Chemist: 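The structure under discussion is supplied below as structure tokens; questions concerning it will follow.
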Amino acid sequence: MSDQIQFIVEKLNQEPFRKNYNLITFDSLGSMQLLQLLSDVLGEIDPKHAVDIREELPEQTAKRMLSLLGILKYKPPGSVSDLSTFRQGLVTGSKPVIHPVLHWLLQRTNELKKRAYLARFLVKLEVPAEFLHDDTVADINKQYEELMEAFKNLHKECEQLKTSGLSTAEIRRDIDAMEEEKDQLVKRVERLKKRVETVQNHPRILEIARQLRLEKEREESLAQQKQEQKTQLFHAEQRLQRAQLQLKEMLHAVVDSKPESLMKKLEEEINFNTYLVTEKIPRELESKKNSTYILQKVAAEPAMSQSDLNVLESKINEVNAQMNQLIEKRMMKYEPADSKFSMYRQQASIMSRKKEAKAEQLQAAKEELSSVEKQVQQKTSQAHELEGSEVLKGDELKHYVNKLRSKSTLYKKKRLEVAEITAEYGILQRTEELLKQRHEAIQQQLEAIEDKKGISGYSYTQEELERVSAVKSEMDEMKGRTLDNMSEMVKKLNSMVAEKKASLAPVIRELRQLRQKCQELTQECDEKKMQYNSCAAGLESNRSALEQEVKGLLEECVQEESNYHYINCMKRNLEIQLQRAKEEMKAYVSSDPQERRKTIREQYTRMILEQENLGKKLREKQKVVRENHGPNMKQIKMWQDFEQLMECKRECFLKQQNQAAIGQVIQEGGKDRLVL
């Protein structure tokens with residue numbers, strides 16, 4: 001109980017209540033405060049219930065809360081099983097009644113908000129049957145039901161869209177991105193149009209480009225058609241190959257087999273197919289239908305919470321336990337341990353299970369065979385796509401093997417040549433290393449001789465001077481070429497600049513004039529814009545005031561019109577009720593017995609008498625049924641046992657006839673062989 005109160009206090013201190021309670025202050029609340037708190041929580045779930053309970057009577061408050069709790073499917077706890085006690089506690093604001101209700105409401109606020117919202121449109125208004133005889137009322141009621149169904153469908157679609165993962169922000173971003181791409185493409189097309197307009201004969205060029213594009217599209221479509229036809233041809237060839245293979249297998253089977261084996265295979269296949277058609281497939285179909293019906297029934301029901309699911313699971317467990325107990329009692333009552341049929345029933349059940357297992361194994365083997373055939377077909381198609389030709393068979397395969405052998409011999413020869421070249425490369429590499437070592441030794445001797453003569457580094461310096469002189473000559477040549485190119489480029493640039501200046505001089509003069517004119521127009525535009533803004537602001541203020549006035553008048557008109565229609569409807573209903581009351585009083589006071597029989601009071605009196613007579617007859621019939629129930633059940637059991645016994649005898653008789661017929665066929669076959 002303390003955990004419950006603590007949970008309530010935590011929820012009430014959060015948004016949107018923000019009550020700032022603690023355990024002591026919450027426990028010290030009076031009955032009126034608790035009722036007002038419960039009304040506030042119900043008002044958060046359904047805004048229509050956000051009222052001050054001091055402005056209404058206690059009976060009205062209790063009725064309003066009970067109606068909403070009934071819509072929300074609240075079930076009082078086990079300690080408050082009596083509905084009158086619960087209602088009395090709700091009226092008086094009893095803590096043992098209010099606290100569980102608050103705990104239940106605050107646990108599932110979002111779910112209850114949705115349920116209350118749907119109840120506004122899905123709680124059907126019950127129209128009395130006597131009013132439905134009026135055509136207008138019946139049509140309006142039919143339209144009301146159709147609108148309710150349409151609302152259900154729209155709500156389901158809305159929930160599916162909410163859970164589909166598509167958000168409005170993402171859709172808006174995609175739309176903005178597509179609009180930006182569209183603007184960029186439009187600008188690009190305009191730039192290309194402007195660029196093309198400067199080209200001579202651009203209409204003819206555009207026409208030629210359009211024809212070229214059409215021809216390319218046609219070429220692509222023809223290539224696609226060609227590829228599709230190739231694929232169809234390949235599939236047709238595969239089907240032909242499979243048919244030929246099946247024909248060969250069948251011919252081989254016919255050549256190697258005997259009529260008895262063929263008949264045996266056919267009988268096995270017929271028996272298997274018969275078992276599938278008569279037993280296995282109907283059973284699976286029935287189970288699928290049952291599961292589909294259950295799923296449709298579950299889908300048609302309203303959404304259930306976790307507590308409802310827990311209640312259903314507990315009920316299912318209880319029913320299963322009761323079923324198991326009844327089965328055990330029935331087995332102990334009707335199937336004693338020393339029964340002779342128990343052994344045969346067990347054997348029959350074992351054989352049926354084995355039969356089902358073997359049938360499933362055979363079905364699995366057939367499915368595996370078909371999957372392996374599909375894999376072989378896929379591998380064949382992949383080989384066809386990779387190699388560009390079909391899988392070789394027979395003589396073609398032998399020719400291909402011979403070709404591979406000749407290529408392998410050629411490959412071996414080339415490999416020997418490569419090995420010889422590799423060996424020669426190793427020898428040359430070794431020779432190069434020896435020459436490098438010899439060069440290093442000679443270089444060392446030369447350095448030693450230079451040291452002796454007093455001119456060490458002479459050979460190195462001479463090599464460096466030769467290398468530097470070669471590099472300098474190359475750089476001089478490159479500089480000469482670069483200077484010539486630069487001088488020519490400077491001349492070209494100067495000429496181009498002079499030409500551009502000469503061509504742009506009149507344009508610059510026009511641009512100066514246009515700039516001056518643009519400044520004048522800009523000043524004039526700013527002045528006009530200021531005048532426009534001041535005028536627009538005044539008109540906008542007037543328009544907003546007029547709009548507010550018109551809006552208020554329209555709302556007042558709509559309110560008065562609705563009041564007018566409501567008063568007319570109430571007046572019409574009262575006139576109809578008054579007319580019916582007058583007719584009823586006139587018929588009731590009338591001395592004519594025929595007229596008095598037409599009164600509603602007489603009709604209900606006759607109906608009550610008829611129902612009382614019918615109840616007496618049904619009670620007598622119930623008494624007779626109860627008296628005859630035991631003997632009838634025993635008689636039904638005896639007839640069922642007799643029917644099973646006769647069925648067993650019929651099966652034994654049929655088996656005996658089949659065995660006799662088979663023996664006769666075997667004897668006739670033996671006589672025919674002796675005659676031959």
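Note that the structure is predicted; figures quoted are calculated from it, not measured. Heavy-atom basis, side chains included; hydrogens, waters and symmetry copies ignored.
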Chemist: Between K436 and E432, is the side chain to side chain contact (heavy atoms under 4.5 Å, CB included) condition met? List the steps.
Modeler: CA-CA 6 Å; K436 284 182 179 179; E432 183 184 5; 3.6 Å; yes

Chemist: Any ion pair linking R430 and E433 (charged N to carboxylate O, less than 4.0 Å)?
Modeler: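 A salt bridge links E433 with R430.
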
Chemist: What's the spacing between E215 CD and L222 CG if we round to 0.5 Å?
Modeler: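 Reported value, rounded in 0.5 Å steps: 9.0 Å.
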
Chemist: State, yes or no, whether a side-chain contact exists between T431 and I427 at a heavy-atom distance under 4.5 Å.
Modeler: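 T431 vs I427: side chains touch.
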
Chemist: Check step by step if salt bridge (Lys or Arg N to Asp or Glu O under 4.0 Å) holds for E149 and K152.
Modeler: CA-CA 5 Å; E149 293 296 328; K152 288 180 182 178; 3.7 Å; yes

Chemist: For the CG atom of L185 and the CE atom of M178, what is their distance to the nearest 0.5 Å?
Modeler: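 Here the interatomic distance stands at 12.5 Å.
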
Chemist: Please name the pair of heavy atoms, one in I45 and one in L112, separated by the smallest distance, quoted to 0.1 Å.
Modeler: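 Result for this residue pair: CG2-O, 3.5 Å.
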
Chemist: Salt bridge check: are K216 and E220 linked by an N-O gap of less than 4.0 Å?
Modeler: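 Looking at E220 together with K216, the answer is no, because their closest N to O distance does not fall below 4.0 Å.
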
Chemist: Ring-plane angle category for H155 and F151, please: parallel below 30°, perpendicular beyond 60°, tilted otherwise.
Modeler: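 Parallel.
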
Chemist: Considering only heavy atoms from C-beta outward, does the side chain of R242 approach that of R239 to under 4.5 Å?
Modeler: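 Yes, close enough: below the 4.5 Å cut-off.
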
Chemist: Is it true that K637 and D641 make a salt bridge, defined as a side-chain N closer than 4.0 Å to a carboxylate O?
Modeler: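 Yes.
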
Chemist: Within a 6.0 Å radius of atom CD on E368, are there more than 12 heavy atoms belonging to other residues, nucleotides or ligands?
Modeler: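 No, the 6.0 Å shell around CD holds no more than 12 heavy atoms from other groups.
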
Chemist: Is R210 close to E207 at the side-chain level, that is, under 4.5 Å between some pair of heavy atoms?
Modeler: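 They are in contact (side-chain heavy atoms under 4.5 Å apart), so the answer is yes.
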
Chemist: Does the pair E267 and I270 meet the rule for a side chain to side chain contact (heavy atoms under 4.5 Å, CB included), with working shown?
Modeler: CA-CA 5 Å; E267 287 178 356; I270 289 168; 5.7 Å; no

Chemist: Taking the side chain as everything from C-beta on, heavy atoms only, tell me whether V418 gets closer than 4.5 Å to R415.
Modeler: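 No. Closest side-chain heavy atoms not under 4.5 Å.
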
Chemist: Give, for atom CG of L435 and atom CD of Q437, the distance between the pair rounded to the nearest 0.5 Å.
Modeler: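 Separation between the atoms: 9.5 Å.
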
Chemist: Just verifying a value: how many Å separate E219 CD and L212 CG, rounded to the nearest 0.5 Å?
Modeler: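 The CG atom of L212 is 9.5 Å from CD of E219, to the nearest 0.5 Å.
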
Chemist: State plainly whether the residues R650 and E647 are in salt-bridge range, i.e. N to O under 4.0 Å.
Modeler: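 Yes, charged N to carboxylate O under 4.0 Å.
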
Chemist: Does Q238 reach the side chain of H235, with side-chain heavy atoms less than 4.5 Å apart?
Modeler: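 They are in contact (side-chain heavy atoms under 4.5 Å apart), so the answer is yes.
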
Chemist: Before accepting this row, confirm whether a basic side-chain N of the pair K182/E179 lies closer than 4.0 Å to the acidic partner's carboxylate O.
Modeler: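 No, no charged N to carboxylate O under 4.0 Å.
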
Chemist: Does L654 reach the side chain of E651, with side-chain heavy atoms less than 4.5 Å apart?
Modeler: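 The answer is no, as the side chains (C-beta and beyond) never meet within the 4.5 Å cut-off.
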
Chemist: Using a cut-off of 6.0 Å, state whether more than 12 heavy atoms not belonging to Y144 lie near its atom OH.
Modeler: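 Count over threshold, so yes.
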
Chemist: Taking atom CZ of R283 and atom OG1 of T278, what is their separation to the nearest 0.5 Å?
Modeler: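 The OG1 atom of T278 is 9.0 Å from CZ of R283, to the nearest 0.5 Å.
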
Chemist: What is the distance from atom CD of E146 to atom CG of N141, rounded to the nearest 0.5 Å?
Modeler: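 E146 atom CD to N141 atom CG measures 10.0 Å (nearest 0.5 Å).
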
Chemist: Between R115 (side chain only) and E111 (backbone N and O only), is there a donor and an acceptor less than 3.5 Å apart?
Modeler: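 Not at all, since once roles are kept as given, no pair shorter than 3.5 Å links the two residues.
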
Chemist: Is it true that E417 and K413 have a side-chain N and a carboxylate O under 4.0 angstrom from each other?
Modeler: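 Here E417 does not pair with K413 in a salt bridge, since their nearest N and O are not under 4.0 Å apart.
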
Chemist: Is it the case that atom CZ in R213 sees more than 12 heavy atoms from other parts of the structure closer than 6.0 Å?
Modeler: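 It does: R213 CZ has more than 12 such atoms within range.
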
